[in-house]
Amino acid sequence: MKYVYYFGAKEAEGGDAALLGGKGAGLQSMVKLGLPVPPGLTIATHVCQHFIQSNESFPTGLKEEVLAALHRLEKEAGAEFGSAKNPLLVSVRSGGATSMPGMMDTVLNLGLNAETVEGLAAATGDSRFAFDSYRRFIQMYSEVVLGVSAHFFESLLLASKMKSGSASDSDLKTEELKALVDAFQDLVKKETGKAFPEDPHAQLWGAVSAVFRSWNSNRAVTYRRIHKLAEDGGTAVTVQAMVFGNRGPDSATGVVFTRDPSTGERRLFGEFLPNAQGEDVVAGIRTPLPIQALSDLSPKPYGELVSLASMLERHYRDVQDIEFTIQKGVLYLLQTRTAKRTASAAVRVAVEMVKEGLISQEEAILRVTPLQIEQLLHPRLDPRAAKQVIAKGLPASPGAACGVVVFSSDDAEKFKIEQKSVILVRHETSPEDIAGMDAAVGVLTALGGMTSHAAVVARGLGKPCVAGCGSVSIDYPSQVFTVGTTRVARGEWVTIDGATGEVILGQVATLNSQLDQYFNEFMGWVDTRRKLGVRANADTPHDAKVARQFGAQGVGLCRTEHMFFEATRLQVVREMILASTGEERLKAIGRLFPMQKEDFAGIFKEMVDFPVTIRLLDPPLHEFLPKGEDEIRSTAMAMGISADTIRAKVRSLHEFNPMLGHRGCRLGISFPELYEMQTRAIIEAAVEVASETGHRVEPEILIPFISTAKELSVLKALVDRTCAETLSRLRAEVVYSVGTMIEIPRAAFVAESLAAQVPFFSFGTNDLTQMTLGLSRDDAGAFMPAYLDKGLFQEDPFASLDEDGVGELLKIASERGRKGRKDLKLGICGEHGGDAATVEFCHRLGFNYVSCSPFRVPVARLAAAQATLRP
Ligand code: PEP
Ligand code: MG
């Protein structure tokens, strides 16, 4: 097996990223393109695998291959490794198949020692340069390979600058640099117990071993876990002849991007430092100059850089991020890689590259990630702004917002009237908080998971939410929350980032989303490729309108209970629940009817010509009753009944586990009048909107929480009967359909008999997840972050579908359901409907549509298109 791959001016042995790492493979192909690359060699990734598996030994024959390649390198560079007269210096870099910022840093100037530094000084005629390189080498090698902490070196450097009165590193004289080298060497001896290695070959093998070891460093392992990269790939090591950007005013080092990585605009973008080495740019000691300034300083290498950059972009057919060095007027390229870019740049570049004929529409669609689309739709933190993160919770609803802290929904509404931005901070939210959440710019909860009430509602509203932030401890009576020793009182500013889960003290600048012409054009291409329909979960006409603007093809779930929490309606709902006779209850239901009808009509109007799925009432009735003594007393007063009556009702409706209690279709069985009223309201609204607008209205009536075929047949009969009566009374016609939710495992198993009765299933994966995993969505927040941290869950199962468990039930229900009815329509309406991986899964199962909150509709559209393009 071959271990080492050489590259030089006229020869490249080739090799792909899996073999040579992204960097090594890139250098090989740059050489093949005839680019000015300093020669070097790459040790293949499989050597790293051997090193790790064999208790840190090298395979036999490796040393010989490295030495042979090093000789070729010496010849080509015209210098000799370890020579006291004309020493060859090299850089040593790590690089796996996928670039990992968690891996080992670079070591530059390797090969210097007490003798070779003199040789370098003599050969270049510049002893200041030689000793400057030497002190940099000792520091870098000691940090990266020997594990000596950087701050020791920094303080010696600072002391030297103070002593000599130098403002910057570049002001240090040769003698001072020599003294610094001695001090660095003493330091290394003291810290490691050994002298700094003098032998250049020992230095080289020390660096190679450190690169291999860094594959299993904590940060690299964590990075791979987060990004789902393979554990066994290993890193390659590239050893390359040094070129120096610090050889005087006609030398420089810098980085260029072939297009602007923040806007995507097609222009060379980048910066450089004259007379500097690469790490000076990163360290931020001196301020780099914009790349255009190079055209005045060094017009010839600048012109070359411009044309080589464009050639590299054409070759790789993507934006490149290129490192270069100019040594005494001669340009060298050290690295090229696919450039990281902002979400809006990603879309613009994808669209423009199609127009330039560089890539196909399919490639463009695959190049933008669903996450980038998500970022585009929400305001985000200005990446340049400083921030003091005080806590971290679950990233429950993306976007960033700052506002003053309030602890109650009433307060949120009050501040809103005064035009103040507020962040609503609660232990958890309940349906009663809807108005407060609507008034707030963001929501922070100490409890609750990714499908907690706060998370679901915030996503629906398109507002940022950080949920399950366990380190936040709230004291409602004193109106403060504390995190450790930090105390934040009502009225003080905080910023939350719902994309990362960060809670930040004070105000941090945010950048607004911009949906430009590139976005629209891109999404147009996306829609021509996808097979899955994308609908929205929308509870109000406003939600439906936003959803339609984002490209929703209907409403996949309207949760009718969300209309019951508005103050005047809540009063009527309470009257219905507290009614002591059947007659009184019917009266209250009668008063709810016009309100519901108006809501449904509003949604139908926004969604004409598309289907609208309306779910009959789902939550247990006690959710609508007042909580706590104060509220009970004030409600009693407002309703003119005794507080005892309310207390008795609260007691009688109390449930030990409401998630598994008197809810969903069970309510329909116990209170058929309620489902009849809702059905009538749906049909009457549909008839009116159809005749008013002349458009098609397609109501789909959804029955929640079904677990047996009998429940479904009783309730379907009730709905059908009510529809028939209503239509015949109105002498009108509306095509409606009745379907069932699949959100209890038993329903998935008996799907065949359910499908025999209804034409569509909608998978309520929120409930299905809680029941399959035995994991309450409202309590998961308490331990989910720890589970994710420890890798017990790769993803929060309430955010991305647990394919092995819950997904298996989706599979069973789809197969059995389609046995019962060939043309059964399948959709998903749990929060997972807006998650890219889940959308792909639904595509594979042959679903008809996914439904998600309005702001995630474009994300689902892209994920659906990508699902058709991936093998
Ligand atoms: C579900 O269970 O997935 C669902 C959509 O219903 P809800 O979240 O309202 O229980
Ligand atoms: Mg449900």
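The figures that follow rest on heavy atoms only: side chains count, while hydrogens, waters and symmetry mates do not. For ligands, and for the atoms within them, numbers begin at 1 and follow the listed sequence.
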S.K.: Can you give me the OD2-the Mg ion (ligand 2)-OE1 angle for D767 and E743, to 10°?
M.R.: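 My answer is 90°, to the nearest 10°.
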
S.K.: Please say whether more than 12 non-hydrogen atoms of neighbouring residues, nucleotides or ligands are located less than 6.0 Å from NZ in K627.
M.R.: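 More than 12 within 6.0 Å, yes.
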
S.K.: Above 12 or not: heavy atoms from other molecules or residues under 6.0 Å from CZ of R591?
M.R.: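 Open: at most 12 neighbouring heavy atoms sit under 6.0 Å from CZ of R591.
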
S.K.: Is the count of non-hydrogen atoms from other residues, nucleotides or ligands lying under 6.0 Å from F783 atom CZ greater than 12?
M.R.: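 Counting neighbours around CZ of F783, more than 12 heavy atoms of other residues, nucleotides or ligands fall under 6.0 Å, so yes.
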
S.K.: Are there more than 12 heavy atoms of other residues, nucleotides or ligands under 6.0 Å from atom NE2 of H542?
M.R.: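 At most 12 heavy atoms, drawn from other residues, nucleotides or ligands, come within 6.0 Å of this atom.
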
S.K.: Between E700 and K825 (salt bridge meaning N to carboxylate O under 4.0 Å), is one present in this structure?
M.R.: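 Yes, charged N to carboxylate O under 4.0 Å.
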
S.K.: Kindly list each side-chain donor-acceptor pair under 3.5 angstrom involving residues 740-754, sequence neighbours excluded, with atom names and distances?
M.R.:
| residue | atom | partner | partner atom | Å |
| --- | --- | --- | --- | --- |
| E743 | OE2 | F705 | N | 2.8 |
| R746 | NH1 | S707 | O | 2.8 |
| S753 | OG | V750 | O | 3.0 |

S.K.: Decide if atom NZ of K416 counts as having more than 12 heavy atoms of other residues, nucleotides or ligands within a radius under 6.0 Å.
M.R.: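 Check fails, neighbour count at 12 or below.
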
S.K.: What are the distances between nitrogen or oxygen atoms of ligand 1 and protein nitrogen or oxygen atoms, counting only those under 3.5 Å?
M.R.:
| residue | atom | partner | partner atom | Å |
| --- | --- | --- | --- | --- |
| ligand 1 | 2 (O) | E743 | OE1 | 3.0 |
| ligand 1 | 2 (O) | D767 | N | 2.9 |
| ligand 1 | 2 (O) | D767 | OD2 | 3.1 |
| ligand 1 | 3 (O) | G764 | O | 3.3 |
| ligand 1 | 3 (O) | T765 | N | 3.0 |
| ligand 1 | 3 (O) | N766 | N | 2.7 |
| ligand 1 | 3 (O) | N766 | ND2 | 3.3 |
| ligand 1 | 6 (O) | R615 | NH1 | 2.9 |
| ligand 1 | 8 (O) | R559 | NH2 | 2.8 |
| ligand 1 | 8 (O) | N766 | ND2 | 2.9 |
| ligand 1 | 8 (O) | R777 | NH1 | 2.9 |
| ligand 1 | 9 (O) | R559 | NE | 2.8 |
| ligand 1 | 9 (O) | R559 | NH2 | 3.4 |
| ligand 1 | 9 (O) | R615 | NH1 | 3.1 |
| ligand 1 | 9 (O) | R615 | NH2 | 3.0 |
| ligand 1 | 10 (O) | D767 | OD2 | 3.0 |
| ligand 1 | 10 (O) | R777 | NH2 | 2.7 |

S.K.: Between D618 and the Mg ion (ligand 2), is there a contact where an N/O/S atom of the residue lies under 2.8 Å from the metal?
M.R.: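 Short answer: no, not a single N, O or S atom is under the cut-off.
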
